[in-house]
Amino acid sequence: MTKIGLRVDVDTFRGTAVGTPQLCELLASHDIKASFFFSVGPDNMGRHLWRLLKPAFLWKMLRTNAASLYGLDILFKGTFWPGPDIGKNLAHVITGCENAGHEIGLHAWDHHAWQAKIDSWTPEAVHKHIKLGFDRLTDVLGHPPACSAVPGWKCTGPVLEAKEQFPFKYNSDCRGEGVFMPKLNGTLLTQPQLPVSLPTYDEVLGKDNITNDNYNQFMLSQLKPDTYNVLTIHAEAEGISCNTMFNEFVKQAKDMDYEFVPLIDLIGEVSSSLPPARIVQKEFPGREGWIACRERQE
């Protein structure tokens with residue numbers, strides 16, 4: 001049986017309040033445990049609307065029918081007034097998710113700020129942002145989160161250096177194949193990286209004739225038996241508007257002898273000596289701008 005590491009990104013207030021409980025219910029019906037990564041500070045996601053001026057982002061919003069997919073409340077959060085504090089208002093949802101047996105990790109303090117400003121932040125600003133999220137999630141859970149995953153795969157050298165100062169057992173900050181130890185400026189870091197290997201819903205919908213009707217068929221074709229598979233889903237999509245579709249995907253993947261597991265389970269299957277690799281920034285199909293990727297060894 002081949003394992004699929006299941007990562008759930010929870011970016012927004014609505015994704016936490018509505019999508020997370022519905023995903024927990026769905027996963028419980030299949031006896032599946034996953035890794036949930038929560039944004040825990042202000043929900044200012046509506047501030048992404050300025051990016052509509054960029055053709056790549058506008059095209060993504062149009063081909064995914066973002067208003068219908070995410071809901072107008074998400075698209076305008078934090079636009080005309082300060083966004084609601086997710087961790088303060090929805091702590092019970094996050095602890096309920098952990099009590100259901102899922103692994104809980106840090107996604108961000110302010111998801112929008114990370115994506116919009118990471119290129120200009122100083123190392124001190126990066127550390128401050130991680131610490132705000134880390135401290136809030138520690139307060140919510142009653143213990144430190146054991147893992148993290150940056151928003152939008154926006155990971156830089158200062159991010160990797162800052163995370164070394166927190167007790168994360170692993171991070172999932174890039175795209176690529178296989179668990180590895182990140183190498184930065186010739187130095188091997190101490191926290192393993194678990195890259196995401198499979199495409200996400202918003203990256204492929206509306207491209208190459210992929211629709212909701214054939215999306216599951218496409219995703220099943222992307223799975224690789226007897227090797228590394230990590231899938232990212234979103235509480236705002238698979239937890240709400242795409243919930244039924246994702247449920248069918250899980251059924252079909254299980255019928256094909258795949259098993260869904262939290263990311264931590266994938267580390268346990270590799271030797272203590274992980275291969276080193278650099279993380280590089282590059283353009284990626286279906287995404288605007290650069291994202292972090294594991295450098296391929298030729």
Side-chain angles (χ1 to χ4, degrees), residues 4-27 29-30 32 34-39 43 45-46 48-49 51 57-77 86 90 93-94 97 102 105 107-108 111-112 114-115 149-154 172 175 196-208 210-220 222-223 229-253 260 263 284-288 291:
I4 301 174
L6 183 57
R7 163 179 158 176
V8 183
D9 285 2
V10 191
D11 300 346
T12 65
F13 192 94
R14 184 171 185 243
T16 309
V18 180
T20 295
Q22 292 187 169
L23 270 178
C24 284
E25 183 178 349
L26 184 158
L27 296 175
S29 72
H30 294 285
I32 290 172
S35 300
F36 282 74
F37 294 91
F38 286 94
S39 298
D43 180 357
M45 290 295 277
H48 278 305
L49 285 178
R51 294 165 67 198
F57 185 74
L58 176 60
W59 166 233
K60 174 183 172 181
M61 297 290 280
L62 291 174
R63 66 177 168 77
T64 60
N65 191 12
S68 174
L69 174 63
Y70 298 112
L72 291 176
D73 58 331
I74 287 179
L75 296 182
F76 287 98
K77 275 287 190 298
I86 300 170
L90 298 174
V93 176
I94 299 173
C97 184
H102 300 292
H107 199 32
H111 192 287
H112 164 266
W114 186 281
Q115 285 193 285
V150 297
W153 295 280
K154 296 287 189 180
S172 180
R175 305 295 285 266
V196 171
S197 63
L198 295 164
T200 62
Y201 179 76
D202 59 322
E203 289 170 354
V204 300
L205 189 72
K207 298 176 62 179
D208 300 323
I210 297 174
T211 67
N212 282 337
D213 292 334
N214 59 20
Y215 176 73
N216 281 348
Q217 181 181 354
F218 169 77
M219 289 300 295
L220 291 168
Q222 300 300 297
L223 299 176
N229 294 277
V230 172
L231 171 67
T232 294
I233 64 172
H234 287 82
E236 294 76 16
E238 285 87 351
I240 304 178
S241 59
C242 300
N243 191 262
T244 300
M245 184 170 67
F246 180 64
N247 188 51
E248 289 302 314
F249 171 78
V250 170
K251 290 179 182 178
Q252 293 174 55
F260 292 89
L263 300 194
F284 195 85
R287 297 242 153 230
E288 178 211 348
I291 68 168

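Throughout, residue positions are numbered sequentially from 1 according to the sequence presented.
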Q: Considering only NZ, NE, NH1 and NH2 on the basic side and carboxylate oxygens on the acidic side, decide whether E236 and R14 come within less than 4.0 Å.
A: no

State, to 0.1 Å, how close [X] and [Y] come at their nearest heavy-atom pair, and which atoms those are.
X    : Y    : answer
R7   : H107 : NH2-CE1, 4.1 Å
G19  : I240 : CA-CG1, 3.7 Å
L223 : A253 : CD1-CB, 4.4 Å
H102 : A34  : ND1-N, 3.0 Å
N212 : M245 : O-SD, 3.5 Å
L205 : T211 : CD1-C, 3.7 Å

Q. Does one side chain, of D9 or H111, offer a donor that lies under 3.5 Å from an acceptor on the other?
A.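 Looking only at side-chain atoms, H111 and D9 do not form any donor-acceptor pair under 3.5 Å.
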
Between the side chain of [X] and the main-chain N/O of [Y], is any donor-acceptor distance below 3.5 Å?
X    : Y    : result
S29  : L26  : yes
N229 : G5   : no
R175 : L198 : yes
S172 : A149 : no

Q) When you look at L220 and F249, which way does the side-chain contact (heavy atoms from CB on, under 4.5 Å) test go after all the steps? A) CA-CA 8 Å; L220 291 168; F249 171 78; 3.6 Å; yes

Q) Has Q22 got more than 12 heavy atoms of other residues, nucleotides or ligands less than 6.0 Å from its CD? A) yes

Q. Would you say S35 and V8 make side-chain contact, with heavy atoms under 4.5 Å?
A. no

Q. Do F246 and N216 have side chains that get closer than 4.5 Å, going by heavy atoms?
A.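 When only atoms from C-beta onward are counted, N216 and F246 do not touch, as no gap falls below 4.5 Å.
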
**Q.** Atom pair CG/NE2 of D11 and H112 - distance to nearest 0.5 Å
**A.** 12.5 Å

Q: Classify the ring geometry between F218 and Y215 as parallel (under 30°), tilted (30 to 60°) or perpendicular (over 60°).
A: tilted

Q.
Checking T16 now: which residues fulfil side chain to side chain donor-acceptor pair (under 3.5 Å) with it, not counting sequence neighbours?
A. none

